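Read through the structure below, which is laid out as structure tokens, and then see the notes.
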Amino acid sequence: RPPAYPPGPGLLPFIGNILTVWYNHKKLKYRHKVWQTLSQKYGDILGLQLGSINVVVVSGKDYIKEISSREVFEGRPDGFFYLMRSFGKKLGIVFADGPYWNKRRRTVLKYLKHYGYGSKAMEAQISEECQALTKLIENSAGRAICVNKLFNVCIVNVVWRLVAGKRYELTDERLKSLCDLITRSFKVVDMSGGVLNFLPFLRHIIPDLIGYTELMNINHSIYAYLKEVIEEHRTNLDDKNPRDVIDAFLIEMKNQEDKTLTAEELQVVCLDLLEAGVETVSNTAVFLLLYVVREQRVQDRLQMEIDKEIGHSRLPALSDRSKLIYTEAVLLEALRISTIAAMGIPHMALEDAKLGKYIIPKGTFLLLAFYDLHNGKHWKDPTVFRPERFLTKEGNLIQDDWLMPFGTGRRRCIGEGLARSELFLFLTHILQKFRLKVPEGTPQPSTVPIEGVTLTAQEFNIIFEPRY
Ligand code: HEM
């Protein structure tokens, strides 16, 4: 252990704390609970060594904000797991860093905005997806529907219109399988990357057991799809009339002098937007339905608000957000209690740096304890779904700075605006038209999540009863 490194459990030669983490994981079932338990023992800056890699787990609002706001902690880890999805290199946005990441992030945002991100046109597209979704639900004619995959294609459609100019039918089998692949790849390990990061040589010995084979196969299939979409664009490219983000990148690639933008790079940017944009919103939306169907009281109040402010004769719009204060509070509460990005996306120290009274060596992986932040003592009754915690006595919305589901600082989520708009419109479109019920004779859906890169709800069914 380097001198002044944050405290943590004792180390074994070669593997460091891997056994401690493995043992605690067996007992506690979730990696974020392992970090939480060890942090309670050793402090808000917990120092671990997993294989040869230093891993520091940072808890509490102030330290999480500090990590997120200092340039020296703006890196992304170069562990094997993070790089195996991007040809062994730091490409794209999510797992890139340095000046290269900065430039790419800004360009992606610029192109996204140019093709409608954050505009009225994007709202119209989300609304179109909501209408397709409520139609699909209507066709189920009061039968119980498993909701865990309900939103997948809608969500891909919204991102993919901007990126690839494409929209799929909600019943499109190929796209549904693509979403299933992404979901599966998110289940193989958690965000710390597990053994694939800390003992990567094991992929040569037990590739199936540690998820290597499965992940490689999934990556292969997703890339086959992305390459096909990019190739289609290349064939029909008109330099004077770029249609979407892929076209804009292809033109940039043609005209660039420094040759930094490669075909691989474009594929990883697409993968980043697809993966970061789909599982996250889908999992949160499913948790949202889960809590609404469990808490009939919450559903009553949501429907009263929707009926009063919107009624039945027009569709919900984003401009309704300023009037649907209780609905906004429900969305915040769902983001808080589910915290699907339980440890955010890991950061990395780019140089040796001081944090509190400790030194964080260059190259240390930094895991941010968002789940704990959102489900800890600050909230008094964190396990209760209580949207009222975000409302003042006068009924105004409280912006609590302990809630940061999208991270904060320069690495914060680029999809926050889109995610919030989608969640608002999904919820209001569905509740305007349907009363949600658990099928008779089945227990309430479980709030206990399934572990993975993001947390997911266990499968459950809902009956959508038409309201009028
Ligand atoms: C409820 C939905 C979502 C949640 C909870 C969420 C959460 C997060 C979090 C916690 C981070 C890491 C911040 C950090 O490293 O400090 C992140 C980064 C990111 N998110 Fe999201 N996200 C969501 C939706 C989206 C959507 C819809 C998109 C894209 C369309 C997206 C794209 C990204 C990208 C590209 C990054 C990496 C940013 C960077 O490294 O510079 N996310 N997100």
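Both counts, for ligands and for their atoms, begin at 1 and track the order of listing. All values reported here derive from a predicted model rather than from experimental measurement.
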Test: Arg411 and Glu74 ion pair at under 4.0 Å | no
Side chain of Thr364, backbone of Ile360: donor and acceptor closer than 3.5 Å?
-> no
Indicate the ring-plane relationship of Phe464 and Phe434, choosing parallel, tilted or perpendicular according to the 30° and 60° boundaries.
-> perpendicular
Basic-acidic side-chain contact under 4.0 Å: Lys323, Asp320 | yes
Contact region, Arg105 to ligand 1, non-hydrogen atoms below 4.0 Å, reads side chain
Closest non-hydrogen protein atom to atom 8 (C) of ligand 1, residue and atom name please, with distance?
-> Cys413 CB, 3.7 Å
Thr284 heavy atoms within 4.0 Å reach ligand 1 at atoms 1 (C)
What part of Ala276, side chain, backbone, both or neither, has a heavy atom within less than 4.0 angstrom of ligand 1?
-> both
Regarding Arg76 and the six-membered ring of Trp101, is the cationic atom NZ or CZ under 6.0 Å from the ring centre and inside 45° of its axis?
-> no
Phe370, portion touching ligand 1 at heavy-atom distance under 4.0 Å = neither
If you scan protein heavy atoms around atom 16 (O) of ligand 1, the nearest is His347 NE2, 2.9 Å
Measure across Gln458 and Asn148 and return the closest heavy-atom pair with its distance rounded to 0.1 Å.
-> O-ND2, 3.2 Å
Does Trp101 reach ligand 1 with a nitrogen or oxygen that is under 3.5 Å from one of the ligand's nitrogen or oxygen atoms?
-> yes
Between Arg301 and Glu295, is there a side-chain N and carboxylate O pair less than 4.0 Å apart?
-> no
Partner of Asp400 under side-chain hydrogen bond (donor to acceptor under 3.5 Å, both in side chains), chosen from His374, Arg389, Lys61, His378 | His378
Going by the 4.0 angstrom heavy-atom rule, the piece of Arg410 near ligand 1 is neither
Nitrogen or oxygen of Arg412 less than 3.5 angstrom from that of ligand 1 = no
Winner among Ala342, Ser282, Gly409, Gly277 once heavy atoms are compared against atom 27 (C) of ligand 1 = Gly277
For Thr280 and ligand 1, does the shortest N/O to N/O distance drop below 3.5 Å?
-> no
Counting heavy atoms only, which part of Arg76 comes closer than 4.0 Å to ligand 1: side chain, backbone, both or neither?
-> side chain
